[in-house]
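Below is one structure, written out as structure tokens; comments come after it.
So you know, we letter chains A, B, ... as the sequences are listed, proteins then strands, and number each from 1.
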Amino acid sequence: MFKVKLRIALRANKSWWLSPVLIAIAIIFTFIISSAMIRWAGANPFAAFKYLLGSPLQSKFGITEAILSATPLVLTGGAVALAFRAGYWNIGAEGQLLAGAICATFVGLHADGIPHWLGIILMVIAGALGGMLWAFVPALLRSRLGIDEVVTTLLLNPVALLVVTGLLNGPWRNPKTKFPETQVLSENVFFPRVYPGSRIHLGLIIGIVALAICWWVVGRTAGGLKMRAVGLAPGAARIAGLKVEKTLFTTALASGAIAGIAGAGEVAGVAHQLTDGISPGFGYTGVVVATLAALSFPAVLLISFVLGIINVGSFSASRALSIPSTIGEVVQAVLLTTVVSALVFMKYRIVLDKGKHRD
Amino acid sequence: MIETLIGIIGATLRISTPLVFASLGEVITERAGMLNLSIEGTMYTGAFVGITVAAQTGSLTTGLIAAIIAGAIVGCIMGFLVITLGVNQHVAGLGLTLLLISASNTANRILFTNKDGMVRVDPWKPFDFAGPIFSQYWLTYAAFLILAPALWWLLWRSGIGIRIRAVGENPESADVAGISVARTRYFALALGGALMAAGGAFITLAFLGSFTINIINGRGWVAIALVIFGRWGIWRTVSGALLFALVSATQQQLRLVPALSDLPFEILLALPYLAVIAGLAITGRNVPYPGAYLKPYRRL
């Protein structure tokens, strides 16, 4: 039978222009796919994208708000990237962030009379501990019993939110307003602003430091080498005598700690109280960030900023064009899907077969 | 006491229905060697598309059919990502879930919440005969009496079932034996997606009659756990769904007990999730994952 057939084959040589071209193609596809939804919402896609990407960059206020919005993503993105590097599928950054926020709030509610520097340090420690605690059970089940961490980390996310609402409806309910939110925390634990005239807070610095530490540990230390070996080929790592389970366990706890600090940062740096809306899905967006960054820690910083711009831009687009602000989330998810699809062609190419076929 | 017990059993069957649909969809998919993490988003889409079409056409059945078609389409999109392109299945599934939830929420705002608030339909009523245990929705009967046996037959007694299990255990051998790995896997994802969406549609078209954000609330993740708990078997997975629903139904009853009224209800709400994790911890050791689980297949 004579026919033309498309086939995917391994790519022999990689050209330097390949990855930028693939990313560009992915962005074009993102634009086309998102445009359908934007048109349906009754707006011009070009105008919408001008707001989504452009408007935050046009003012100093917009840029600082985008950085503020990127701050938790730097930490959750770093947490997810760290775990994924070791082949540990931690999809529970959302719950770990909330657990960190809870522990940090506990500190913040009992911090009267301590020095400011101590309060800040305690907040970070509490956030990390909370995140580690939330990551502990899935990590233990995975490393001791071999139980899939994807399911357990995912299932603990709604549980963490229930703990938050339970505390807010119960012991932590604001005594003055009676709203399900805590009272404003002690000023001794507020993260200081790091850029005058903006809301950017210490959390950003902590996030960048955390990324730098992750980058150094994963890329430059023996432990990091073991971690990457476990992630790339667990079977081979085991034969080589590496303690695979121990590596996974440690990485999982470290990942949880970083995600927990993100929660502490939101409480101490932005909200100054705990509310049930403390995280609009920062943990899940962390997976988007880590994946778009191809698990590279420097890239996590850049991608977080890009998604921060989209977050801020989606609100200006919503106001200006009266389209739903959730369009920003759609664009981010489409971008994730198109980029991971495009990156397949880093390794593979499409071959056009002409001629006789067995089938 | 007896009345409470009967109430719990009736509620168990009701609560388990969307989980039976979704987890059996996931069984089919995973038997073909693929983890489908888009399950949460597919259920969400099914819930939204179902009620939207039902509200526009005035027919609940049309809504259900639309949800099923949407689910099959989502399965095919997942298939394009993980079969044709070979994208990592965790990332593809989670990405699709995020996409489907945000797209459904956006569509919900465009169509309804920006105008007159909320989409509502007059939902299916449970049959009213033979006492509260048996007054269930027709979809509940369909799930237990038709769907589960049919899928068991499909998986274990039909040619398609052999092919699905073959490409999930050993795609190389299946390929040599003349089975199209890609086509079989696409079929499994489409069928699985249709079932997941039907499970989601049950929630809006029978349970609630309305759509609210976060309507699935982790039921998709629970379904994935049930599949592991059920070791990829139809009846064990159905039993898992019933057990989970029993815990859910019991906690709903416990909330009405006066002695427990001081207990924050969130603790009881968290109970079913914790029960699933505990169940996995007890039974999830050394489970026999399908041989080609998570592995894309390419003839190179």
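In this structure, OG1 on Thr106(B) lies 5.0 Å from CD1 on Ile327(A), to the nearest 0.5 angstrom. With rounding to the nearest 0.5 Å, the separation of CG in Leu156(A) from CH2 in Trp221(B) is 13.5 Å. Summarising the geometry, atom CD1 belonging to Ile110(B) is positioned 9.5 Å from atom CD1 belonging to Ile38(A); distances are rounded to the nearest 0.5 Å. Note that the CD atom of Gln332(A) and the CG atom of Leu98(B) stand 9.5 Å from one another [nearest 0.5 Å].
The parts of Leu85(B) that come within reach of chain A are both its backbone and its side chain, each placing non-hydrogen atoms under 4.5 angstrom from that chain. Residue contact with chain B, scored on non-hydrogen atoms closer than 4.5 Å, involves the backbone and the side chain of Val330(A) alike. The contact between Leu141(A) and chain B is made entirely by side chain atoms (from C-beta outward), counting heavy-atom distances below 4.5 Å. Looking at Asn214(B), neither its backbone nor its side chain comes within 4.5 Å of chain A, counting heavy atoms on both sides. Contacts between Leu271(B) and chain A at a heavy-atom distance below 4.5 Å are absent for every atom of the residue. Of the two parts of Ala92(B), neither the backbone nor the side chain holds a non-hydrogen atom closer than 4.5 Å to a non-hydrogen atom of chain A. Leu154(A) touches chain B through backbone and side chain together, each having a heavy atom under 4.5 Å away. At a 4.5 Å heavy-atom cutoff, the contact between Tyr289(B) and chain A is made by side-chain atoms alone. Contacts of Asp148(A) with chain B are made by both backbone and side-chain atoms, with heavy-atom separations under 4.5 Å.
Residues Ile147(A) and Leu280(B) approach most closely at CD1-O, 3.1 Å, considering heavy atoms. When all heavy atoms of Arg109(B) and Pro324(A) are compared, the closest pair comes out as CB-CG, 3.7 Å. Across all their heavy atoms, Met37(A) and Ala103(B) have their closest contact at CE-O, 3.2 Å. Here the closest non-hydrogen pair linking Arg285(B) and Arg144(A) is NH2-O, 4.3 Å.
Proximity of Leu81(B) to Thr337(A): side-chain heavy atoms (C-beta onward) are separated by under 4.5 Å at one or more points. Looking at Leu111(B) and Trp40(A), their side chains come closer than 4.5 Å, going by heavy atoms from C-beta outward. By the 4.5 Å heavy-atom criterion applied to side chains, Thr165(A) and Leu269(B) are not counted as neighbours.
Ranked by heavy-atom pairs under 4.5 Å with chain A, the first of Leu96(B), Leu94(B), Ile224(B), Asn105(B) is Leu94(B). Ranked by heavy-atom pairs under 4.5 Å with chain B, the list Val344(A), Leu145(A), Leu336(A) is led by Leu145(A). Most heavy-atom pairs under 4.5 Å with chain A: of the set Gly220(B), Ala107(B), Gly178(B), this distinction falls to Ala107(B). Contact tally against chain A (heavy-atom pairs below 4.5 Å) for Ile267(B), Ile101(B), Val87(B): the top residue is Val87(B).
Defined by atom type and a distance below 3.5 Å, a donor-acceptor pair is missing between the side-chain atoms of Thr326(A) and Ser102(B).
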Could you go step by step and tell me if Val340(A) and Asn88(B) meet the side-chain contact (heavy atoms from CB on, under 4.5 Å) rule? CA-CA 8 Å; Val340(A) 294; Asn88(B) 175 296; over 6 Å; no
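Contacts from residues 79-94 of chain A to chain B, taken as heavy-atom pairs separated by less than 4.5 Å, involve Trp89(A), Ile91(A) in sequence order. Using a 4.5 Å heavy-atom cut-off against chain B, the contacting residues of residues 283-294 of chain A are Tyr284(A), Val287(A), Val288(A), Thr291(A).
Within 6.0 Å of atom CG in Leu18(A), more than 12 heavy atoms from other residues, nucleotides or ligands are found, so the atom counts as buried in its surroundings.
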